[in-house]
2 protein chains.
Amino acid sequence: MYKTNNTALKSWIEVRPGSDFPIQNIPFGIFQTDSIPHHVATIIGNQVIDLVALNDLGYLNDLNLDKTTLSQQYLNDFIAQGKAVTNAVRERLSDIFNIENKTLQENLDHRSQVLHDYDEVRMLLPVKVGDYTDFYSSREHATNVGTMFRDPENALLPNWLHLPVGYHGRASSIVVSGTPIRRPKGQQIPAGADQPIYGPCRLLDFELEMGFVIGKATNLGDSVSTDAAEDHIFGMCLFNDWSARDIQKWEYVPLGPFLGKSFASSISPWIVTLEALDPFRIPGPVQDPEVLPYLKYSGNKNYNINLEVMIQPEEGESKTVCRSNFQYMYWNMCQQLAHHTVNGCNINVGDMCASGTISGKSPDSYGSMLEISWKGTKPVPMPDGTERKFILDGDTVIMEGFAEKDGVRIGFGGVTGKILPAT
Amino acid sequence: MYKTNNTALKSWIEVRPGSDFPIQNIPFGIFQTDSIPHHVATIIGNQVIDLVALNDLGYLNDLNLDKTTLSQQYLNDFIAQGKAVTNAVRERLSDIFNIENKTLQENLDHRSQVLHDYDEVRMLLPVKVGDYTDFYSSREHATNVGTMFRDPENALLPNWLHLPVGYHGRASSIVVSGTPIRRPKGQQIPAGADQPIYGPCRLLDFELEMGFVIGKATNLGDSVSTDAAEDHIFGMCLFNDWSARDIQKWEYVPLGPFLGKSFASSISPWIVTLEALDPFRIPGPVQDPEVLPYLKYSGNKNYNINLEVMIQPEEGESKTVCRSNFQYMYWNMCQQLAHHTVNGCNINVGDMCASGTISGKSPDSYGSMLEISWKGTKPVPMPDGTERKFILDGDTVIMEGFAEKDGVRIGFGGVTGKILPAT
């Protein structure tokens, strides 16, 4: 176990029940204020901790840390220093904010330079994403989609149980939580028509996913084994893979999703390290048929992370429409990365891989409105008396996620996005 | 017409017949020598022209040019200055190297600082590609693929004539001409089998494509009209979209190509500006059915660019296996960009869009071995007595392209890649 995971640790910063950010979490992000353009930060309770200020005051001395990486626009160069450095920073932070450590705790001048209330800063996109890959690794989700659009008896396509199906996504349109999302326009084919029409998407959906961030690059031609994969994964975030179902349906054969996805994807602002998630490892599902040798793995590679999706109408009460769990993944991150690189495809620090929609077995655990409303045939009643088949203008979609054990809750800080009407 | 296109212009640098680089071309690239890590360059004849040296000697004064962009690793920041700047640089270069201009011509000391023999420099990847999109815009290619794998009577899928089908590709594995390509490994399904196997790709192919480079960014939510599209396109290059047909076939349903493509794509080292290609505009095909309003365009948006593919065995004579032309594109670049952004997807400087395989009507104009050998049923005889259905280890694939009119030939400098055996 990592020292930072010790459940007995307490911080001198108040951490209220239900907070995503106890002293055991120590995620990384980039924040901004009117006077700070972009600094690397972590968070405990609701206090954002400025690593530039900590460093300027001498609290990060004697770590093999390139200080210039703390004031860049993205975490990439900070992450690229490697886990030896970033884990040493996490240990130092764990020590500085330990309730038994009085140094910063009793220095009010220093505290005022280092700490910011979370609601007084703006969180920025934490990483510059070079390439983004979206997998399709929840068996329940793939089965639901196959059942709806193909044959319930053969819902999974022949390749699905043999490899983690995935595709390249659009990196430029990945935005941080809180960024408003404009309803996209595009071509759709009305039911029964043989000519497409052009207009605003009518079947706007979310997809509940989690993403992982590459922390160690490879060269073109190299492959990463399932054993080595965790060394290349810096951490995770929540990922909302916004989807325009009508645009997607018309365009996606034979080359896959394009404009139905590329208008936006939203991520949570904090990258939670794999090390913080270590206590929450659990076994994955039995994989039958047996996978090819390069996809075999040992150890517990799934994680028990509770996930929830809420829809908040413009002026109404929010409603939880999905409670799922990252443990439902059939293919784990190590298998995804081993598959991604088995052909020699190189990966770079900051690359993002998303899980695909994370659905469980029961309808209340489905991770998209497509599944929840079963193609619009089962509308969801909302507290204000309206109903939802898909997402309406003015709706905010809120995703939250946390792992919890032995009184410690490691969360992601949520990812939200409000839908603006098409222009 | 741009001043630089004047067919009467001659350079004091020798330009031999068949050269891709007369004074009317003036493409941009990045070169390296043992003492120069990376400088922006152009080329006339076989002389690489160092823009940093030109600037240091005062030849680029009084242009509204950020000189720091000339010594960066990629052209992105140079391009991002906008066409007003980059076209002014081209005009200045056209003036400096005009045979009637004696200034540099007669200064042997300056010439020795500015000029390098092409075979004494290394050309680097010219742009840092943020996102890469591959279209599928040759009707003949799509028809051939549909005929081979589906129904000859309905070879084109229903969406094909209504929108430029495309998908996101892998940006990290785009490499410059000359980079050796390692044969990829991955899952394949043997004919008649119901279980996949793992091993080196056996059906390795090229795809003859051209790429265009984004020169002007947009914000998320914005769209680019077909009229405005050329303002966002800096220039073009040759593009070999290497493809592992066996890997692709097993993986691509339903989310499109992934590992069958992501092991490598090769581009030519010079970005030829749209302005240099202006004299070679020609009308595109009549589009029937009529396209939706956002895809309509005016003016000549296709280009008459001759394309050729050769296979050079390790120790044998090369053979031309394809002569095609960029004018065969059904969807033009302006339509591709308008479609790409119609949903609000943002584009960045350096983003790459490729055409998809450029096939003509006759078998000798097909742009991939898949089509040339018709799935391996029509092997191509080679001069050394061997035959090719697909690409073998040790083969070098060479693509060349040029436009020619009124005695002026504007070329791309070729893109080559040699296949190394799988590890």
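Hydrogens, waters and symmetry mates play no part in the numbers below; they use all other heavy atoms, side chains included. Quick note on labels: first sequence line is chain A, next is B, and so on, each numbered from 1.
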Which portion of A/Val129 sits near chain B, non-hydrogen atoms under 4.5 angstrom: neither
Which one of A/Arg182, A/His340, A/Glu251 has the most heavy-atom pairs closer than 4.5 Å to chain B? A/His340
B/Tyr167 and A/Pro257, any side-chain heavy atoms less than 4.5 Å apart: no
Part of B/Phe149 within contact of chain A (heavy atom distance under 4.5 Å): neither
Name the region of B/Ser223, side chain, backbone, both or neither, that has any atom closer than 4.5 Å to a heavy atom of chain A. neither
Separation between CG of A/Leu220 and CD1 of B/Ile181, rounded to the nearest 0.5 Å: 6.5 Å
Nearest heavy-atom contact between B/Asp131 and A/Gly169 is OD1-O, 4.2 Å
Non-hydrogen atoms of chain B under 4.5 Å away: do they reach the side chain of A/Leu259, the backbone, both or neither? both
If you count heavy-atom pairs within less than 4.5 Å of chain B, which of A/Ala171, A/Gly344, A/Gly186 leads? A/Ala171
For B/Pro254 and A/Val165 the tightest heavy-atom approach is CD-CG1, 4.4 Å
Relative to chain B, which segment of A/Leu255 carries a heavy atom at a distance below 4.5 Å: side chain, backbone, both, or neither? both
Given the options A/Leu295, A/Val342, A/Leu163, B/Tyr198 meets side chain to side chain contact (heavy atoms under 4.5 Å, CB included) only with A/Val342
So which of B/Ala422, B/Cys345, B/Pro184, B/Ser173 has the largest heavy-atom pair count under 4.5 angstrom toward chain A? B/Cys345
Step through the shown structure and confirm whether more than 12 heavy atoms of other residues, nucleotides or ligands are within 6.0 Å of CD on A/Gln195. yes
How about B/Phe258 and A/His168: are their ring centroids closer than 6.0 Å? yes
Quick one: of A/Lys185, A/His162, A/Arg183, who has the most non-hydrogen atom pairs under 4.5 Å with chain B? A/His162
Non-hydrogen side-chain atoms of B/Arg170 and A/Thr133 separated by less than 4.5 Å: yes
Please classify the contact of B/Val145 with chain A as side chain, backbone, both or neither, using a heavy-atom distance under 4.5 Å. neither
Do you know which of B/Cys201, B/Pro293, B/Gly166, B/Gly130 has the most heavy-atom pairs with chain A at a distance under 4.5 angstrom? B/Gly166
List the atom of B/Asn343, the atom of A/Ser262, and the distance in Å for their closest heavy-atom pair. ND2-OG, 3.0 Å
Please look at A/Ile197 and chain B and tell me whether the side chain, the backbone, both or neither of the residue comes under 4.5 angstrom of a heavy atom of that chain. backbone
Could you measure the distance from the CG atom of B/Asn346 to the CZ atom of A/Phe263? Nearest 0.5 Å is fine. 12.5 Å
Pair B/Asp351-A/Ser172, side-chain donor/acceptor within less than 3.5 Å: no
Can you find a pair of side-chain heavy atoms, one from B/Pro196 and one from A/Asn159, that are under 4.5 Å apart? no
